[in-house]
Amino acid sequence: MYNNEEYLRKKNMVGKSAEDKDEVMNLINKLDTRAKAISIVNLITANRPSEMLLLKISDFDLDNKSVTVMMKKQKEMKIKRLTLEAVHLVKASIREYDLKENDLFVGKVDKWDNYSSVAISDSAYRKTIHKWLGFAPYTLRKTQITAMHEAGADIATIAKQSGHKSLETITKHYLEVNDTTVDKYL
């Protein structure tokens, strides 16, 4: 039915666009240590919110600038790369909150800034990221994937960092060609 001409306008679905990575980094750099560490890890790894909530301190291999992520959707573990900045922020957060190997990276922090290794809900995480940055955490994922593509990364590299199994999914759902790109070639 939606392939008929009269219904085509109803078929067009537009999701939330990626943010400019430099602008996102400017927002992140205004945050406190913990918020900055969580936001930068979420951005760089292009993790889904549910994947962020499962991260433990023991999942980080800071010497090798990587983190092992439990991919709930794929039911497997993936190693993702970290930037040196992310490594420094994770180390600072570990020191500031005296985090132990078995502690959750994104644990609960009360209004007095006391950390406890208690899992927060997906909705609490979404609200927290929105409070810090003004948009949903999934936007960080889309922003990183788009930034990697714009920097010239091939689809396989983007898939490795984002944890996608399907290269088609990345192309279809994340890598929209924007008007600026089209204008560049006109």
Side-chain angles (χ1 to χ4, degrees), residues 16-73 77-148 150-151 153 157-158 160-163 174:
K16 179 74 175 113
S17 297
E19 297 289 331
D20 179 78
K21 189 171 179 182
D22 290 334
E23 290 176 18
V24 171
M25 290 303 298
N26 287 337
L27 292 171
I28 290 172
N29 286 327
K30 294 175 184 174
L31 301 172
D32 64 41
T33 304
R34 177 177 180 273
K36 196 183 293 188
I38 291 169
S39 298
I40 199 89
V41 167
N42 198 158
L43 174 68
I44 297 303
T45 60
N47 279 342
R48 295 172 183 91
S50 61
E51 295 160 358
M52 288 299 295
L53 298 175
L54 296 173
L55 286 179
K56 291 187 174 194
I57 298 304
S58 59
D59 294 327
F60 289 90
D61 182 352
L62 299 176
D63 292 333
N64 289 314
K65 297 191 310 186
S66 66
V67 60
T68 303
V69 179
M70 184 185 302
M71 309 295 292
K72 275 179 84 171
K73 194 172 181 181
M77 302 296 282
K78 292 275 187 183
I79 297 174
K80 296 185 177 189
R81 303 295 301 154
L82 296 171
T83 62
L84 192 55
E85 179 182 18
V87 168
H88 290 310
L89 287 166
V90 170
K91 285 180 179 179
S93 189
I94 289 169
R95 279 191 308 273
E96 186 172 320
Y97 290 92
D98 193 30
L99 302 178
K100 308 296 182 224
E101 288 287 306
N102 231 15
D103 285 338
L104 292 168
F105 178 58
V106 180
K108 184 177 179 181
V109 174
D110 65 21
K111 62 183 176 183
W112 299 282
D113 204 33
N114 296 311
Y115 168 89
S116 57
S117 186
V118 174
I120 63 172
S121 67
D122 275 0
S123 62
Y125 184 70
R126 284 193 299 275
K127 287 177 186 174
T128 300
I129 294 293
H130 195 275
K131 183 177 85 174
W132 291 342
L133 301 173
F135 49 77
Y138 216 88
T139 304
L140 293 169
R141 180 174 173 82
K142 192 160 195 167
T143 297
Q144 181 64 12
I145 290 169
T146 302
M148 289 178 74
E150 289 174 353
T157 301
I158 295 169
K160 180 173 173 38
Q161 184 66 1
S162 65
Y174 291 92

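Positions are given from 1, in the same order as the sequence printed here.
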Asks: Would a distance-only check, ignoring hydrogens and angles, find a side-chain to backbone donor-acceptor pair under 3.5 Å from Arg81 to Gln161?
Replies: no
Asks: Once rounded to the nearest 0.5 Å, what's the spacing between atom CD1 of Ile44 and atom CG of Leu82?
Replies: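 Here the interatomic distance stands at 8.0 Å.
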Asks: For the NZ atom of Lys100 and the OG atom of Ser58, what is their distance to the nearest 0.5 Å?
Replies: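 Atom-to-atom, Lys100:NZ and Ser58:OG are 13.5 Å apart.
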Asks: So do the side chains of Glu23 and Thr143 get within less than 4.5 Å of each other, counting heavy atoms only?
Replies: no
Asks: Do Leu31 and Leu133 have side-chain heavy atoms sitting under 4.5 Å apart?
Replies: yes
Asks: Distance check, rounded to the nearest 0.5 Å: Glu19 atom CD versus Phe135 atom CZ?
Replies: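 Here the interatomic distance stands at 5.5 Å.
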Asks: Is the closest side-chain heavy-atom distance between Thr83 and Lys65 below 4.5 Å?
Replies: no
Asks: To the nearest 0.5 Å, tell me how far Lys21 NZ sits from Leu140 CG.
Replies: 10.5 Å
Asks: How many angstroms lie between CD1 in Ile94 and CG in Asp103, if you round to the nearest 0.5 Å?
Replies: 9.5 Å
Asks: Please answer whether the main-chain N or O of Lys36 pairs with a side-chain N or O of Ser39 as donor and acceptor at a distance below 3.5 Å.
Replies: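 The answer is no, because no donor-acceptor pair under 3.5 Å joins these two groups.
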Asks: Given Phe105 and Val67, is the side-chain contact (heavy atoms from CB on, under 4.5 Å) satisfied, shown in steps?
Replies: CA-CA 11 Å; Phe105 178 58; Val67 60; over 6 Å; no
Asks: Where do Glu51 and Met71 land on the side-chain contact (heavy atoms from CB on, under 4.5 Å) test, with the steps shown first?
Replies: CA-CA 6 Å; Glu51 295 160 358; Met71 309 295 292; 3.2 Å; yes
Asks: What distance separates Leu104 CG from Leu53 CG, expressed to the nearest 0.5 Å?
Replies: 8.5 Å
Asks: Looking only at side-chain N and O atoms, does Tyr115 offer a donor or acceptor that is under 3.5 Å from a partner on Asp98?
Replies: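 No donor-acceptor contact under 3.5 Å links the two side chains.
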Asks: Grab the two heavy atoms, one from Leu55 and one from Phe60, that are nearest each other, plus how far apart they are.
Replies: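 Closest pair (atom of Leu55, atom of Phe60, distance): CD1-CZ, 4.1 Å.
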Asks: Counting only heavy atoms from other residues, nucleotides and ligands, does the tally under 6.0 Å from NZ of Lys80 exceed 12?
Replies: yes
Asks: So which atom in Asp59 and which in Leu54 form the shortest heavy-atom distance, rounded to 0.1 Å?
Replies: OD2-O, 3.8 Å
Asks: Test your reading of the model: is there a side-chain donor-acceptor pair from Asn42 to the backbone of Asn47, 3.5 Å cut-off?
Replies: yes
Asks: Which atom pair, heavy atoms only, marks the closest approach of Ile145 to Ala46?
Replies: CG1-CB, 4.3 Å
Asks: Look only at the side chain of Asn64 and the backbone of Ser66, and say whether a donor-acceptor pair between them is shorter than 3.5 Å.
Replies: no
Asks: Does atom CE of Met70 have more than 12 heavy-atom neighbours from other groups under 6.0 Å away?
Replies: no
Asks: Yes or no on side-chain contact (heavy atoms from CB on, under 4.5 Å) for Asp61 and Thr68, after CA distance, side-chain angles and deciding distance?
Replies: CA-CA 8 Å; Asp61 182 352; Thr68 303; over 6 Å; no
Asks: Kindly give the heavy-atom pair with the smallest separation between Met52 and Val106, and that separation in Å.
Replies: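 For Met52 and Val106, the tightest heavy-atom pair comes out as O-CG2, 3.7 Å.
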Asks: State, to 0.1 Å, how close Thr33 and Ala92 come at their nearest heavy-atom pair, and which atoms those are.
Replies: CG2-CB, 3.6 Å
Asks: Taking Gln144 for its side chain and Thr45 for its backbone only, find out whether a donor-acceptor pair lies under 3.5 Å.
Replies: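 Judged by distance alone, no pair lies under 3.5 Å.
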Asks: Are the side chain of Ser93 and the backbone N or O of Leu89 linked by a donor-acceptor pair below 3.5 Å?
Replies: no
